[in-house]
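Working notes, beginning with the structure itself.
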Amino acid sequence: MTQPSFLVLSGDGINCERETAAAFRVAGAKTDILHINDLATAPETLMQYDGMAIPGGFSFGDELGSGQILALKIRHAIGPAFFDFIAAGKPIIGICNGFQVLVKLGLLPYPETQKRVVALAPNAQGGFTDRWVRLEPVKNSVCKWTEGMDAFDLPIRHGEGRIVFSDDAIYPELLENGQIALAYGEDVNGSHQRIAGLCDPSGLVFGLMPHPEAFAYQATNPSPQRDFMAAGAGAKIFKNIVTRLTETQKEKIYAN
Amino acid sequence: MKQKMTAIRIEIENAIPDRRLEKWAAEARASLNVPLAAIEEIKVYKIAGGTAKNLAAVFTDPVLQQAHFRNKEYKFLHGAPAFVVDVGFRAGVTDNPGNAAAEALALSGITARVASGSLYFLFGDFDAIGAEKVTRELLANDLIQKTEVYAANDFYARDRFKDVLLPEVIRTSDASVEKISLDIMDSGLVYLSRDRCLALSVDELKHVRDAFKTRPTDVELEIIAQSWSEHCRHKIFGAEIDYNGEKIDSLYKTYVKSSTENVKKARKLDWLVSVFSDNAGIVRFDDNIDLCIKVETHNSPSALDPYGGALTGILGVNRDILGAGLGARPIANTDVFCFAPPDMPLLAEEEFMPQGVKAPRRVLEGVHKGVEDGGNKSGIPTVNGAFFFDRDYAGKPLVFVGTVGVLPHKLPDGRAAAEKQAHIGDRIFMIGGAIGADGIHGATFSSMEIDENAPATAVQIGDPLTQKRMSDFLLEARDLGLYSAITDNGAGGLSSSVGEMAQMTNGAKIDLALCPVKYPGLKPWELMVSESQERMTVAVPPEHAKAFQERAARHGVTATDIGAFTDSDNLEVFYNKEQVACLPLDFLHNSLPQMKLKAEWNGGKPRANWSAETKLQDRTRMAESLDAALLQLLQSPNITSKEKWVRAYDHEVQAATHIKPFADGGVIWLKPHGGSKDNGVAIGCGLAPRLSLHDPYLMAQCAVDEAVRNVVAAGGDPDMCCLLDNFCWPDPVQSAKNPEGTYRLGQLVRACQGLYDICLAYGMPLVSGKDSMKNDFKGKDKGGRDIAFGVLPTLLATAMACVKIGTAPTSYFCAAGDLIYLLGTNSKGLGGSEYAHIYNVPSESPTIDLAGNIALYRKIRGALPLFSSLHDVSEGGLLVALAESMIAGHAGAKLSVPLDATTAFNEAPGRFVASVPAAKKGSFEKIFDAQPIGVVTADAQLLFNDMAIPLESLSFAWKKGF
């Protein structure tokens, strides 16, 4: 049986590609870390992958707003191949800066219309913060990445993570659709309804501000654990999607 | 420099107020005495050379922002503004937002130049003088930014969207080379050195004349000045010193290098891979990877532009790691700041503050932001650091920045990654940013004291994006085997990097006309010595040159072939094929006569000069009761929580931070970096500058001991521990201008002797170090009086030790009922303590028991499973260490031994507060020969003598921060 394969994007100031790829590998996937300029020379190769990750970092130094220029670059340099990939129902995760990119591309919350109704504004308290925070998966969420998860802890490390909607009707609609995937256990950045992560209506396009790849092992838990090689809470997010893809492939094989 | 070319202007209005601006307004009210009610910001971009229909889509987020292309009167919640301040970069200053915007436009096929800036709207009832003050102190730095302050009406009366100009560097100088005669009188040589910012002495210039040429070219003279600068050559550390009549042949050889050699021999160490020879020390603590570590200072640039200085400092030390061996991957940053207290100056102190130096609070905020952006935007976690405050840093702040990196033992092609060797015929590539006039004379400038005339070109802003791209590219090229040697382009620019690498083959030849430039008009000598940031020099075998260049282009990195390594014995420099310099390498690197200096030590002296209590407000108080003193100490800037500052640093990117930077030492897990599964490395730091007033010998040892205790508390192995020394001294060379030179050099000798003795006693090798010797201010105070003063003689010790992941106790109390122990000898002296600094009390020096300490550290390492918690006793002494263990653990403590001020607050080295489960009492006491001093309780208070202090009060005082 083939392992699901993930493309992990790098370059232009993305800086969490190595740990993001490692988290996918631990979950059982194959990964390629690919520089965006390499992908731009052959965008059609993207479709060979089963999923994609846009990792955290400071693409283009956060200038013009975090994620802004990388989003423009994906639109111009990768173009249709990228949007076809999403339309084909392949899973994609945007973590922190990657979430900001998905939002600025208009892929969240509505990939079909790409209408811009949500933004990640500067934190209400002003400035970057690195802290661990309790996260609560939202009960009715359709998110495939957080399926079956109870509350867990992850670090947040951002200066622009405060969810803002263009009008008041958006939140109830997204909640109703099951597109609110994750909420913070407390107010950490002024985010609307403490939202930490959003997904598209299919649950396959997922963006979140916290860093699941930073808690793949207990070794990075701020409360010391003797069993440091045991899985951290973040590992489950990668495991969920890899398992899902593996099952789908199995079904396909049986069907044949 | 003038402005030309009209352009499009865009103003960006935010829908959501920016909290950062509220903080600035509060800051203005508190420290500038300007009743600034609020600030609002509108970002401005000016675009020259291209246009597009859809500019708003490039520059705004439609949910958060609105773009304006024509005059508009903004409506703000605070009513009408009193003043509007227009801020933009000066011509030639690195404009990161502008450059990124130009890249964004290029994505849609628009080639344009973009300049960024801001409009600040100031609200409140104050006059133009107040607005100028806010502008100068808070909104902009005059050295790098141009500002215009308008009354609101005047501002709106202008058509600001017409005749839009971008700052542009216009240099009319041609590429000519001048010959400079050294056959002149001594006084002429003095002027020559000063006017050209050479920082060479008359004797050194005479040596150039006699051993090289009477009429060198300006290029040659500049190369010599960079190579021989104190910053690059460390002439004082290498000098022959007459110390109280005894001859010392180089402090470096006698105390630093020989301590490592002797430790290595005595302990038969096999893990020292490279020490003192490369850009960083390299050690082998792991079966798969090597670790390199380097700590640098960036004091002079940080004094002039705190943000830019610290940012270029952190990016610079990252490049040292990228240039260590065949290129290491940075995995952690450290930062230590020595500043004047953040609440200085009190009103009465204002007139005594040095002119032309930023206020302490501005230095703190700026440097902190620089380190934040430098680390966060590069994806390197900041895992350890310290803040130390003392008024004697008001003239020159100290900014120490460090980086740890990893190297595989072997590269894919089988080469040892720690060894580099350029070959004859290898091409010389300059990679990274282009060259500008920024950063000319950084090396020589930092080799002089600061005065009001410091060159603006010595100030730069770093560009983390360019460096991150270069770093990604280099690590890929390394693994592809595309280059044979690499070094950082730091102080002295190409003159140092090419000049030093040329020694590998005994020659190099470059053509400066090939170098990419930010703008035309740079003279050959400027190209040669410019320290424009984010550049490295790489030796590429000719057969790989094409592939190297192609991979660079793919990463968006500029790589330029500027010459080749030769065996000509010379550094040959051309400009458009015409030779502009030819320097024999032997003359350049080995001919400089050793400096001869005099040093004396007859015991310490109290503080003198500007900060003597007679001039500045006496802040010391009468002694108080122990509980009152404890609460006072907990809120002292040297002790209080730094959490809010530390949380602004990303301390866990790369997903390998095992112990976060809120404990004693940070720990990085090495498995994610290719190391063994359970292996880690702890990093700690120590400094004790106030002990320099008593005896720098003890100061140095207390600094090292604190760094070592940091890593021991984090589970570090004292037998697998290396050290770094970073000296920052006030000018120790005696002269008419510097009457204290002999005494200061005596202090330096004492510090080196202390360092040597503790390294041998602890059996720990020094693997890297640096010294910065001109940390003085000479000029006028704000009252117009002449002042000259130096920093406290400061040694920063950094320790890096091997750790088994998952074995370290916490740094805070974990369980009620655990017994509390004080480990180590409780020496008595209050000298150098924060208590003695705050209260007017007699202070004797503490003592240090080197043999006892290291024996204790080895025992701790062997008995880690017995501990619940372990925390080093440092600033504030025993009671503060107990309070910190309680606050972080939300626990109480009850002491069973009586305390007096001396036992409660002395900061003698070698001690820890530990907590141990009662069930392990027997086995613990058998090993440590100690008696409990108390017990951890569930009751939220600290009980000692007949006093009870609620945990809440301790916590409130400690969390006050600054």
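As a basis for the values below, the full set of heavy atoms in this structure was taken, side chains included, without hydrogen atoms, waters or symmetry mates. In what follows, chains carry the letters A, B, and so on, assigned in the order in which the sequence lines appear, proteins first and then strands, with residues in each chain numbered from 1.
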Whatever's closer than 4.5 Å to a heavy atom in chain B on A:R162 counts as side chain

Heaviest contributor of heavy-atom pairs below 4.5 Å to chain A, chosen from B:K677, B:E372, B:E103, is B:K677

Under 4.5 Å to a heavy atom of chain B? For A:K73 that would be both

Open item on the list: When you compare the side chain of A:T45 with that of A:P43, does any pair of heavy atoms fall below 4.5 Å?
Closed with: no

Answer yes or no: is there a donor N or O on one side and an acceptor on the other, between the side chain of A:R157 and the main chain of B:D650, under 3.5 Å? no

Handout entry: Distance-only side-chain donor-acceptor flag, B:T466 / B:D463, under 3.5 Å
Key = yes

Cut-off 4.5 Å, heavy atoms of chain B, and the answer for A:V118 is backbone

Going by heavy atoms in the side chains, are A:C16 and A:H211 under 4.5 Å from each other? yes

Is the ring pair B:H368/B:W645 parallel, tilted or perpendicular, if the boundaries are 30 and 60 degrees?
perpendicular

Residue from B:G98, B:A655, B:G556, B:A106 scoring the most non-hydrogen pairs under 4.5 Å with chain A is B:A655

| query | Checking A:S66 side chain against A:D62 main chain: does a donor-acceptor pair fall under 3.5 Å? | reply | no

Bottom line for A:A77: the part with an atom under 4.5 Å from chain B's heavy atoms is neither

Residue from B:T810, B:D472, B:T60 scoring the most non-hydrogen pairs under 4.5 Å with chain A is B:T60

When the 4.5 angstrom heavy-atom criterion is applied to B:R554 and chain A, the contacting part is both

If one checks every heavy atom of A:R116 against chain B at 4.5 Å, the contacting part turns out to be both

If one checks every heavy atom of B:A57 against chain A at 4.5 Å, the contacting part turns out to be backbone

Do B:L105 and B:I47 come within less than 4.5 Å of each other through their side chains, counting heavy atoms only?
yes

Applying a strict 4.5 Å limit to non-hydrogen atoms, the region of A:Q225 in contact with chain B is backbone

When the 4.5 angstrom heavy-atom criterion is applied to A:A121 and chain B, the contacting part is both

Highest number of heavy-atom pairs under 4.5 Å with chain A among B:K43, B:K468, B:Q467, B:E476 belongs to B:K468

Ring pair (Phe, Tyr, Trp, His ring centres under 6.0 Å) with A:F238: of A:F206, A:F215, A:F24, only one passes, and it is A:F24

| request: Please work out whether the ring planes of B:F662 and B:H651 are parallel, tilted or perpendicular, with thresholds of 30° and 60°. | output: perpendicular

Under 4.5 Å to a heavy atom of chain B? For A:P222 that would be both

What donor-acceptor contacts under 3.5 angstrom involve side-chain atoms of residues 227-236 of chain A, with partners at least two apart or in another chain?
residue	atom	partner	partner atom	Å
A:K236	NZ	A:N240	OD1	3.3

If you tally heavy-atom pairs under 4.5 Å between each of A:D38, A:I69, A:V164 and chain B, the highest tally belongs to A:D38

Counting heavy-atom pairs under 4.5 angstrom with chain B, the leader among A:Q218, A:E17, A:Q68 is A:Q68

Heaviest contributor of heavy-atom pairs below 4.5 Å to chain A, chosen from B:R20, B:K377, B:K644, B:K369, is B:K377

- Item | Distance-only donor-acceptor check, side chains B:H555 and A:N37, under 3.5 Å | no

So, the part of B:V58 with a heavy atom under 4.5 Å from chain A: the answer is both

Can you tell me how the ring of B:F59 sits relative to the ring of B:Y45, calling it parallel under 30°, perpendicular over 60° and tilted otherwise? tilted

Applying a strict 4.5 Å limit to non-hydrogen atoms, the region of A:L70 in contact with chain B is neither

Pair count under 4.5 Å, heavy atoms only, with chain A: among B:I16, B:N376, B:N14, highest is B:N376

Under 4.5 Å to a heavy atom of chain A? For B:S378 that would be backbone

The interface call for A:I14 against chain B, heavy-atom contacts under 4.5 Å, is backbone

Okay, B:P464 and chain A: the region with an atom under 4.5 Å from a heavy atom over there is neither

The interface call for A:T41 against chain B, heavy-atom contacts under 4.5 Å, is side chain

Practice problem: Assign the ring pair A:Y171 / A:F165 to parallel, tilted or perpendicular, where the plane angle (0 to 90°) is split at 30° and 60°. | Solution: tilted

When the 4.5 angstrom heavy-atom criterion is applied to A:D12 and chain B, the contacting part is both

Is it the case that B:N333 and B:Y649 place a side-chain donor and acceptor less than 3.5 Å from each other?
no

